Amino acid sequence: HVFCFCCAAAESNKYEAAKEEILSQTVCTRCEVSQWDSDEPVPRADLLKGIQGAHGLLCLLSDKIDAEVLEAAGPNLKVISTLSVGFDHLAIDEIKKRGIRVGYTPDVLTDATAELTVALLLATARRLPEGVEEVKNGGWSSWKPLWLCGYGLSGSTVGVIGLGRIGMAIAQRLMPFGVKRLLYSGRTAKPHAAEVNGEFVPLDTLVSESDFIVVSCSLTPETQGMCDKSFFSKMKPTAVFINTSRGAVVNQEHLYEALSSGQIAAAGLDVTTPEPLPTNHQLLTLKNCVVLPHIGSATYSTRGVMSALAVQNLLGGLQGTDMPSELTL
Ligand code: NDP
Ligand code: DGY
C-alpha cells in the first residue's frame, strides 16, 4: 500500500508518460496505490488520512513529513521517496529512529537548476523584468546613456556558497562569461573546484570580495538565516545576490533593508519564505528584487526523469532492494 502524488493536471506529454510509468511499475509489483490526484499539494488532513497503514510514501517538497505524519502512517512505513533533491521538509531524526529508508532525486535536476540560476542572475543583474515592464508601460522614451544600466559578469568575481552538484554546475556555466575569480565557501574544500579555478575562502571573504553571490547550499540548522544583516552589510554596494537553494537561508527582512537602502545592488530569488510569497510582500515592491516561483528544476524532461527516479526509489524501498538514489541517514 503506497500513498503518492499524481500530477494529472500537467499538460505535458512527457509528464503523462512518467505518470504511466508510475502506474505500470506499481501494478507490476502489486501495490495498492492511493493517489492525491491533483497538481496542487495534498491538504494535510488528506495526507494524514491517506498514509494510514501505508508501506511507502511518495511526497513533494511541499509536504512536511514530521512525527505526526509518521505516527499517522504507523509501523508499516518502510520507505519515503521525495520528488526533490532537497530534504529539509523531512524530519530526518524521526525517520531514522523508525528505520525508514529515504529516496531523493540528486543529479537529474542539476543541469536544469543551474541553467535557471544563470538565467535569474542575468535577469537580475541586467534588469530584464524592469526593461520589459518599461517597454509595456511607455517608459521607453529613447536610447539614453545610463538608463537601465546594470552589472556584467565579464571580469567579475563570483562567489558560490555551497559548491555541491548544483553549485559546481552553476560555476561551470558562469566561467565562460569571462568571470575573473571564482570563490566558494562551504564546510570542506572540493577537489573538483580546480576545474573552475575555484578558491576555497572563508564566508566573510567571499561576501566582501564578490560582485555576484550565488547561494546553492542545502538548508541545514547551520545555513538557516545565514544571509542576514551582518552578511548583507559586508557585501559591496554594487553586488548582486542570488538564491536558488531554500528561502530560509535568507533573513528576508534584512534583505529588504539592504535592497531598499541601496546597501546592495539587487537580488534574484527562486525560493522564498513562505512559498508562495504573499502578493503584498514588501520584497515585491522593489524594482531591484526579482522573485521567481521556485522553478529551478521546472523543465518537462527534468520533472519526468525526477518522477521516474522517485518511483524507482519507492519500489526499491518497498522490495527491500537497492534504491537508485538512497539518502544516507
Ligand atoms: P549538494 O549536497 O550536492 O550540495 C549542497 C552543498 O551545500 C554542498 O556543497 C555543501 O558543502 C553545502 N553546504 C552545506 N552546509 C553548508 C554551510 N554551512 N555553508 C556553506 N555550504 C554548505 O546538493 P545539490 O547541489 O544537489 O542541491 C543543493 C540544494 O539546492 C538542495 O538542497 C535544494 O535545497 C536546492 N535546490 C533548489 C532547486 C530549485 O528549484 N530552486 C532545485 C534543486 C535543488 P559541503 O559539501 O562542504 O558540506
Ligand atoms: C529540489 O529538488 O530540492 C527542488 O527544490 C525542486 O526540484
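The structure presented is a predicted model; accordingly, all values stated were derived computationally and were not measured. Counting starts at 1 for both ligands and their atoms, following the listed order.
Inclusion of Gly86 in the set of residues having an N or O under 3.5 Å from an N or O of ligand 2 is warranted. Considering both main-chain and side-chain atoms, Ser84 never comes within under 3.5 Å of ligand 2 through any nitrogen or oxygen pair. In terms of polar-atom proximity, Thr105 is not counted as a contact of ligand 2, lacking any N or O under 3.5 Å from an N or O of the ligand.
Residue Lys190 places a heavy atom under 4.0 Å from ligand 1. A heavy-atom separation below 4.0 Å is not found between Leu219 and ligand 1. In this structure, Pro106 has no heavy atom closer than 4.0 Å to ligand 1.
Counting atoms of ligand 2 from 1 in the listed order, those under 4.0 Å from a heavy atom of Leu61 are 4 (C), 5 (O), 6 (C). Per-residue contacts place Met306 under 4.0 angstrom from the following atoms of ligand 2 (heavy atoms of the residue considered): 7 (O). When each atom of ligand 2 is checked for a heavy atom of His294 under 4.0 Å away, the hits are 4 (C), 5 (O), 6 (C).
Between the choices Met306, Glu222, Arg187, the shortest heavy-atom distance to atom 15 (N) of ligand 1 belongs to Arg187. Evaluated by nearest non-hydrogen atom to atom 2 (O) of ligand 2, the leading choice among Ile166, Val85, Thr82 is Val85.
Put simply, the residue from Lys236, Lys180, Arg181 that forms a salt bridge (Lys or Arg N to Asp or Glu O under 4.0 Å) with Glu209 is Arg181.
With a 4.0 Å cut-off on non-hydrogen atoms, Ala298 does not touch ligand 1 at all. Residue-level proximity to ligand 2 for Leu109 is carried by the side chain, the only part with a heavy atom below 4.0 angstrom. In Thr113, the part holding a heavy atom less than 4.0 Å from any atom of ligand 1 is the side chain. Only the side chain of Val85 comes within 4.0 Å of ligand 1, counting heavy atoms alone; its backbone N, CA, C and O stay farther away. Contact annotation: for Leu116 versus ligand 1, there are no heavy atoms closer than 4.0 Å.
If you check which protein heavy atom lies closest to atom 7 (O) of ligand 2, you get Ser297 OG, 2.7 Å. At the top of the distance list for atom 16 (C) of ligand 1, counting protein heavy atoms only, stands Thr223 CG2, 3.6 Å.
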